[in-house]
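Nothing here was measured: the structure is a model prediction, and the numbers come from that model. Lettering follows sequence order; numbering is per chain, from 1.
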2 protein chains.
Amino acid sequence: MGREMDAAGLKVMAEPLEQAVTAALRDAGASEASLFDATKAMMHASRHGVDSHGVRLTEHYCNMLRGGRLKRDPQLTVTRRGASSAIVDGDDGLGHHAAYRAMAEAVALAREAGIAGVGVRRSSHLGAAGAYALAAAEAGCIGFATTNTDSMVALFDGAARFHGTNPLAYAAPVPGSRPWLLDMATSSIPMNRVLLHRSLDAPLPQGVAADAQGAVTTDPHAAEMLLPLGGTDYGYKGAGLAGLATLLSAVLMDTTLDPDFIPMYGGSDISTPRNMGHFFFAIDPARFAGSDVFAANITRYLGALRSAPTREGGRVMAPGDREWDEADRRVVSGIPVDPDTVRFLRL
Amino acid sequence: MGREMDAAGLKVMAEPLEQAVTAALRDAGASEASLFDATKAMMHASRHGVDSHGVRLTEHYCNMLRGGRLKRDPQLTVTRRGASSAIVDGDDGLGHHAAYRAMAEAVALAREAGIAGVGVRRSSHLGAAGAYALAAAEAGCIGFATTNTDSMVALFDGAARFHGTNPLAYAAPVPGSRPWLLDMATSSIPMNRVLLHRSLDAPLPQGVAADAQGAVTTDPHAAEMLLPLGGTDYGYKGAGLAGLATLLSAVLMDTTLDPDFIPMYGGSDISTPRNMGHFFFAIDPARFAGSDVFAANITRYLGALRSAPTREGGRVMAPGDREWDEADRRVVSGIPVDPDTVRFLRL
């Protein structure tokens, strides 16, 4: 491409990057419908600085499509369960495809009923949960998206991996502005932060990870599991929120519990579907305060929030502001792509 | 009562305590319907060890009933907004009355539709949000309850009180057992924990409070505001969750934003209603995995959780286990009631 790749990789503009991701998924046999959604979700993450859930996952998904864990041409089925509820069967395809479909269904039902919840079963990794909450907000609704994931986080006072980093993502529409968007893991940090600190040989922050005996550690080489949000004193809150994700995604949907997943990475089995579950809801403000009143209220609320006094050197932001800022920067400077992914996508 | 009161107050059995609370609210003019719900919610908190939201609030509520902030005989109205949505107008009565009604409505709608959301406006302090999530679980549904509250928590990097300690409460039914129950403030600690440390002249934990300039402090005398869950590094998550409570309770319901409340305590105005909002939802598992499958799944999930390896000296618990244990102890030993409340209730 005429650009020099350094150790950090390459910065690539969104359009050619998206084309390369699409081409790779197509090459691995994914149907147009499912690769469209997977690309959209990965590009959401890559545009907004959530690189762990961005285009670097393309190679993994391609491997799973080739290995048979993921069905190349999944046929989604949507079963209505009531005026505000439905179940999407993901047919073991790319999770993004089932997830966008589920949120579209939730939005459509919410417009009629007020709030609607749609669960997904027989799905797979969906990338950044925020992508789907955002889709609801772009359609004028408050959106919620969650999933359970591979065990990686100790329980409060636990000494083994139990819950995943189970995200909770919420978004709300803001007139004339980008949505309010909270996409948070229920651990303090993601596991790839530990890996980064290992490669840098730099200590971890306090209270975010534990060794194999469950003892809190800042040594990234000793870190064997993450701790839930709230750390050593208040981690029962983060553990409870992780449990909420599991309750809605797995217990309510009758899919795989966090400790029971075939490993996403590194296992020998890449042909057996993982039966992952997700849960989404959408709320239509038109059925509560009314769309106009909601719009005026959220504008006033965010105005008050963004103009709140800050501590020295700080900046008060609404959820999502950091990500929107990063997206603006990446429009100009391009999206950083790690060397392995540069090679895989032939950028 | 023939018992000696020490500095900590008195331990009182649930039944006479409940009668005393009922009598006090009746004496202040509260209608039977509204005082029934307020007593039920306060007793929930007092039974389960959440004393800040328990019977000690009786005097406050009585003062507000006498001052005119709270209407003595509120007439609730429920307006259906769709197959899964409704708004309850609390008519400026005791918030517990509107809140139990809203959750009952959410459960009834969820049984038909799958999930239902009910908002409340023109309400007041509802006590412990967990009481209403629990009511949903006792009716066989997953329940959610939230409210915004008086400004007390800084934003992440903020230097002023902005959000309240805005609770998120979730509960889920467990067959043959007490529900899974997560009732958490979105700050690490409540403000009365600061007051307790002041009276003990004992330092606060790290990263839970800030002084008037927003600088983190462990000095309870300097602490002017709380910090959101996640503390100095990850407090954007707690702040985002507090914002969720405000979005659903105030922005969506067109009620008072956290910084705009007439003070709950200490202000001179005890005659103007505060127009507090809340939001509840219920999910009927019968519309998703099915009740029997959900019951089997949650039993298996909690079994795995409670038998997970613990770190030395620790004990792994499910959300609510600590509270149920405390409730069992209090059945035997009685409920501790502080001296002011003992006097007010003439115990």
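Between Arg81(B) and Asp284(A), none of the side-chain N atoms (NZ, or NE/NH1/NH2) sits under 4.0 Å from a carboxylate O, so this pair counts as no salt bridge. At a threshold of 4.0 Å, the pair Asp183(A)-Lys237(B) does not count as salt-bridged, since none of the basic side-chain nitrogens sits closer than that to a carboxylate oxygen. Checked for salt-bridge contact, Arg311(A) and Asp157(B) meet the test: a charged N lies under 4.0 Å from a carboxylate O.
Within a 6.0 Å sphere centred on CG of Asp325(A), heavy atoms belonging to other residues, nucleotides or ligands number more than 12.
Heavy atoms closer than 4.5 Å to chain A are found in both the backbone and the side chain of Ala185(B). Heavy-atom distances place both the backbone and the side chain of Pro309(B) under 4.5 Å from chain A. Proximity to chain A (any heavy atom under 4.5 Å) is shown, for Asp258(B), by neither the backbone nor the side chain. Of the two parts of Phe162(B), only the side chain, counted from C-beta on, holds a non-hydrogen atom closer than 4.5 Å to a non-hydrogen atom of chain A. Of the atoms belonging to Leu305(B), heavy atoms from both backbone and side chain fall under 4.5 Å from chain A. When heavy atoms are compared at a cutoff of 4.5 Å, Arg287(B) approaches chain A by way of both its backbone and its side chain. Neither the backbone nor the side chain of Ala110(A) comes within less than 4.5 Å of any heavy atom in chain B. Neither the backbone nor the side chain of Ala239(B) comes within contact range of chain A; no heavy atom of the residue lies under 4.5 Å from a heavy atom of that chain. For a residue to count as touching a neighbouring chain, one of its non-hydrogen atoms must lie under 4.5 Å from one of that chain's; by this rule Leu252(B) touches chain A with backbone and side chain alike. Heavy atoms of Ala86(B) lying under 4.5 Å from chain A belong exclusively to its backbone. Residue Ser187(B) touches chain A through its backbone alone, counting heavy-atom pairs closer than 4.5 Å. For a residue to count as touching a neighbouring chain, one of its non-hydrogen atoms must lie under 4.5 Å from one of that chain's; by this rule Ile298(B) touches chain A with backbone and side chain alike.
Between Tyr234(B) and Ile189(A) there is a side-chain heavy-atom pair separated by less than 4.5 Å. When side chains are defined from C-beta on, Ile283(B) counts as touching Phe279(A), because their heavy atoms get closer than 4.5 Å. Contact annotation: the side chain of Phe288(B) approaches that of Ser85(A) to within less than 4.5 Å [non-hydrogen atoms, C-beta and beyond]. No side-chain heavy atom of Asp233(B) sits under 4.5 Å from any side-chain heavy atom of Gln206(A). Between Thr310(A) and Leu155(B) the shortest side-chain heavy-atom distance does not fall below 4.5 Å.
Comparing Glu312(B), Arg80(B), Met317(B), Arg300(B) by how many heavy-atom pairs each has under 4.5 Å with chain A, the most go to Arg300(B). Of the listed residues (Gly207(A), Ala116(A), Gly82(A)), the greatest number of heavy-atom pairs within a distance under 4.5 Å of chain B belongs to Gly82(A). For chain B, the option among Ala304(A), Gly231(A), Ala210(A) with the highest count of heavy-atom pairs below 4.5 Å is Ala304(A). Here Gly243(B) is the residue among Ala308(B), Gly243(B), Ala215(B) with the most heavy-atom pairs under 4.5 Å with chain A. Listed options Thr255(B), Asp260(B), Leu241(B) were ranked by heavy-atom pairs under 4.5 angstrom with chain A; first place goes to Leu241(B). Looking only at heavy-atom pairs under 4.5 Å with chain A, the residue among Ala250(B), Gly290(B), Gly313(B), Gly240(B) that has the most is Gly240(B). Note on Ala160(A), Gly230(A), Ala289(A), Ala154(A): by heavy-atom pairs under 4.5 Å with chain B, the leading option is Ala289(A).
Here the straight-line distance linking atom CZ of Phe144(B) with atom CZ of Phe281(A) works out to 7.0 Å at 0.5 Å rounding. Rounding to the nearest 0.5 Å places CZ of Arg322(A) at 7.0 Å from CZ of Phe156(B).
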Trace of the side chain to side chain contact (heavy atoms under 4.5 Å, CB included) decision for Leu244(A) with Leu168(B): CA-CA 11 Å; Leu244(A) 172 70; Leu168(B) 305 176; over 6 Å; no
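Here the closest non-hydrogen pair linking Ser84(A) and Gly114(B) is OG-N, 3.8 Å.
Tested against Asn297(B), the residues Asp254(A), Thr246(A), Leu247(A) include a single side-chain contact (heavy atoms from CB on, under 4.5 Å) partner, Asp254(A).
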